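Source: prediction; values computed, not measured. Naming convention: chains lettered A, B, ... in sequence-line order (proteins, then strands); numbering from 1 in each chain.
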2 protein chains.
Amino acid sequence: MSLDQNEWNEQQYEAVQRIRKRVIEVVGRNMELYGVTLSTGHLYGLLFFADKPMTLDEMGHEMQMSKTSMSTGVRTLLDLKMVNKVWEKGSRKDLYEVEYDWYQTFTDYFATQWRRAVESNMQALRRAMKEIERLAEEPDTSEFMAGVLQKDLEKIRQAESYYRWLDRVIDAMEEGQLFDLVPRES
Amino acid sequence: MSLDQNEWNEQQYEAVQRIRKRVIEVVGRNMELYGVTLSTGHLYGLLFFADKPMTLDEMGHEMQMSKTSMSTGVRTLLDLKMVNKVWEKGSRKDLYEVEYDWYQTFTDYFATQWRRAVESNMQALRRAMKEIERLAEEPDTSEFMAGVLQKDLEKIRQAESYYRWLDRVIDAMEEGQLFDLVPRES
DNA sequence: AAGTTCATACAGAAAAAACTGTACAGAGTT
DNA sequence: AACTCTGTACAGTTTTTTCTGTATGAACTT
């Protein structure tokens, strides 16, 4: 994708870059839904169009940003499994390329991020339920307080039920059952 | 939930608040997945436990924050359909309560946020494809450039295919089909 | 109509996050 | 073992976001 080989001219190169840039811009912007920065989104877009795995230095050069930023950006994308580290003998530098299987990216995102949230929420809810039950049984608990506790408990139970459902949704995704409901294109 | 009625004492009130606070903390933190601030998440948690719809002033008082912040926070949650505006005769103030149907909240979130992203991405990809095809047909396009264009086009086609799938997933959610795959608890 | 009470627009302050340059540790080479 | 190269930790700077206080306009009351 560099220009130095004389296989095409400046003008043609610019034309391609212009097209890519617009796509990168939009895709990068919408990647904020995955909780990544705009610039990390752009980095992803850059890697998406790269015709070969890139090094941090190359990214920094293309993005006009510091290598440090590339390092952290790549790490974020790595955590989200949106890019993969690639090994190439001969090169001492780390190489990265995007995960082109976006279905995988999507489900992995849920598997990791949402699962984490579901679990921490469930844990908090269960603890709260225990606390409430303990409190409700104390002798100096007034009628009024018992009522408040009961209402809270009911709300928490409903929330927990929802989280159990969400947990099963994530299971279904991980096991690929979502593709039964909504098939991939051939 | 206020203390001024003498139905319970300071200590009991504190005990309940402590339990709630922990739940609010966790739920609020995980709400960053929905792209909302920590403090907006806390606001949501506050409303979750409120035993009646709240006014901006009440929220501000409980959260120890300005009414302006409450206003913007509530608006964010309203946009996400996580809270509802409630009418109550006699009161001139706006009242808000959380949407307790979290299944609905979840699917609404996808329906609005992800759909928006999918659509804007698809539009960008289609434009890019047209551009590429136009460019590919120009007479001064070298062999090498044609190859580059072809590769880009292929990537974009794959991406578009994914977005069409995602679009159908969102359809399926909106139409409640997700509940066929993963049933709600009774 | 004048007077309240409310929500929010707006500008500025405070806080948080993103980004950079430097420094350094670890792996690889000579 | 000395040297080189690479990725990242860290501190400081810049940019962005969040939050607040004031001001204003709309709706309601008298």
Side-chain angles (χ1 to χ4, degrees), chain A residues 24-25 28-47 50 52-80 82-98 113, chain B residues 24-25 28-47 50 52-80 82-98 113:
Chain A
I24 290 172
E25 174 64 33
R29 178 138 24 88
N30 287 320
M31 274 181 66
E32 291 182 355
L33 273 180
Y34 287 104
V36 305
T37 311
L38 183 60
S39 66
T40 304
H42 284 170
L43 176 58
Y44 180 86
L46 173 68
L47 288 169
K52 55 169 183 36
M54 291 181 79
T55 67
L56 292 181
D57 286 314
E58 287 166 345
M59 298 175 209
H61 182 255
E62 292 279 339
M63 299 266 300
Q64 313 254 54
M65 283 178 75
S66 72
K67 196 172 162 183
T68 307
S69 293
M70 297 303 101
S71 179
T72 59
V74 163
R75 177 133 58 164
T76 303
L77 294 171
L78 228 36
D79 287 346
L80 290 165
M82 289 178 174
V83 309
N84 299 311
K85 201 169 192 166
V86 173
W87 290 103
E88 197 170 285
K89 59 185 172 186
S91 172
R92 234 160 74 189
K93 303 192 182 189
D94 296 354
L95 291 160
Y96 303 93
E97 68 178 4
V98 296
Q113 305 299 116
Chain B
I24 290 172
E25 174 64 34
R29 180 140 20 89
N30 288 132
M31 275 181 65
E32 291 183 356
L33 274 180
Y34 287 104
V36 306
T37 311
L38 183 59
S39 66
T40 303
H42 284 171
L43 175 59
Y44 181 85
L46 174 68
L47 288 169
K52 54 168 184 38
M54 291 181 81
T55 67
L56 293 180
D57 285 315
E58 288 167 343
M59 298 175 211
H61 182 255
E62 293 279 338
M63 299 267 300
Q64 313 254 53
M65 284 178 74
S66 73
K67 195 173 165 183
T68 308
S69 292
M70 296 303 102
S71 180
T72 58
V74 163
R75 178 130 59 161
T76 304
L77 294 171
L78 273 176
D79 288 345
L80 290 166
M82 289 178 174
V83 309
N84 299 312
K85 201 169 194 167
V86 173
W87 289 103
E88 196 170 287
K89 59 184 170 186
S91 173
R92 236 160 73 190
K93 304 190 182 190
D94 296 355
L95 291 160
Y96 302 93
E97 69 177 3
V98 296
Q113 306 298 115

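Atom CD in A/Q64 sits roughly 12 Å away from atom P in C/dG21 (whole-Å rounding). Nucleotide D/dT6 holds its P atom 13 Å from the OH atom of A/Y96, rounded to whole Å. Rounded to a whole Å, the CE atom of A/M70 is 14 Å from the C1' atom of D/dG7. In this structure, CE of B/M63 is placed 12 Å from C1' of D/dT18, rounded to the nearest angstrom. One can place CG of A/D94 at 16 Å from P of D/dC5, the figure rounded to the nearest angstrom. Between the CG atom of B/L78 and the P atom of C/dA7 there is a distance of 12 Å, given to the nearest Å. Whole-Å rounding puts the B/K93 NZ to C/dT4 C1' distance at 12 Å. When rounded to the nearest whole Å, the span between CE of B/M59 and P of D/dC19 equals 15 Å.
The residue A/T72 sits apart from the nucleic acid: no heavy atom pair falls under 4.0 Å. Within 4.0 Å of B/S69, counting heavy atoms only, lies at least one base atom of the nucleic acid.
Ion pairing between A/K52 and A/E58 holds under the 4.0 Å rule for side-chain N and carboxylate O.
Within the structure, a side-chain polar atom (N or O) of B/S71 is placed less than 4.0 Å from OP1 or OP2 of C/dT8. Side-chain nitrogen and oxygen atoms of A/K67 include none within less than 4.0 Å of the OP1 or OP2 phosphate oxygen of C/dT20. Contact between the side-chain N/O atoms of A/S39 and the OP1/OP2 oxygens of C/dC19 is found at a separation under 4.0 Å. For D/dT20, the OP1/OP2 oxygens have no side-chain nitrogen or oxygen of B/T68 closer than 4.0 Å. Side-chain nitrogen and oxygen atoms of B/S66 include none within less than 4.0 Å of the OP1 or OP2 phosphate oxygen of D/dC19.
Here the side chain of B/D57 is nearest to one of C/dA7, D/dT18, C/dT8, namely C/dA7. Comparing D/dC19, D/dT6, D/dT8 against the side chain of B/M65 picks out D/dC19 as the nearest. Listed candidates were D/dT18, D/dT8, C/dC19. Nearest to the side chain of A/L56 is D/dT8.
Note that NZ of A/K85 is 9.5 Å distant from CZ of A/R75, once rounded to the nearest 0.5 Å. Taken from OG in A/S39 to CG in A/L46, the straight-line distance is 12.0 Å, to the nearest 0.5 Å.
Under 3.5 Å, the side chain of B/R92 and the base of C/dC6 form no donor-acceptor pair of N or O atoms.
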**Message:** Walk me through whether B/L43 and B/M63 qualify under side-chain contact (heavy atoms from CB on, under 4.5 Å).
**Reply:** CA-CA 7 Å; B/L43 175 59; B/M63 299 267 300; 4.1 Å; yes
**Request:** Give the C-alpha distance, both sets of side-chain angles, the deciding distance and a yes or no for side-chain contact (heavy atoms from CB on, under 4.5 Å) between A/L38 and A/R29.
**Result:** CA-CA 6 Å; A/L38 183 60; A/R29 178 138 24 88; 4.2 Å; yes
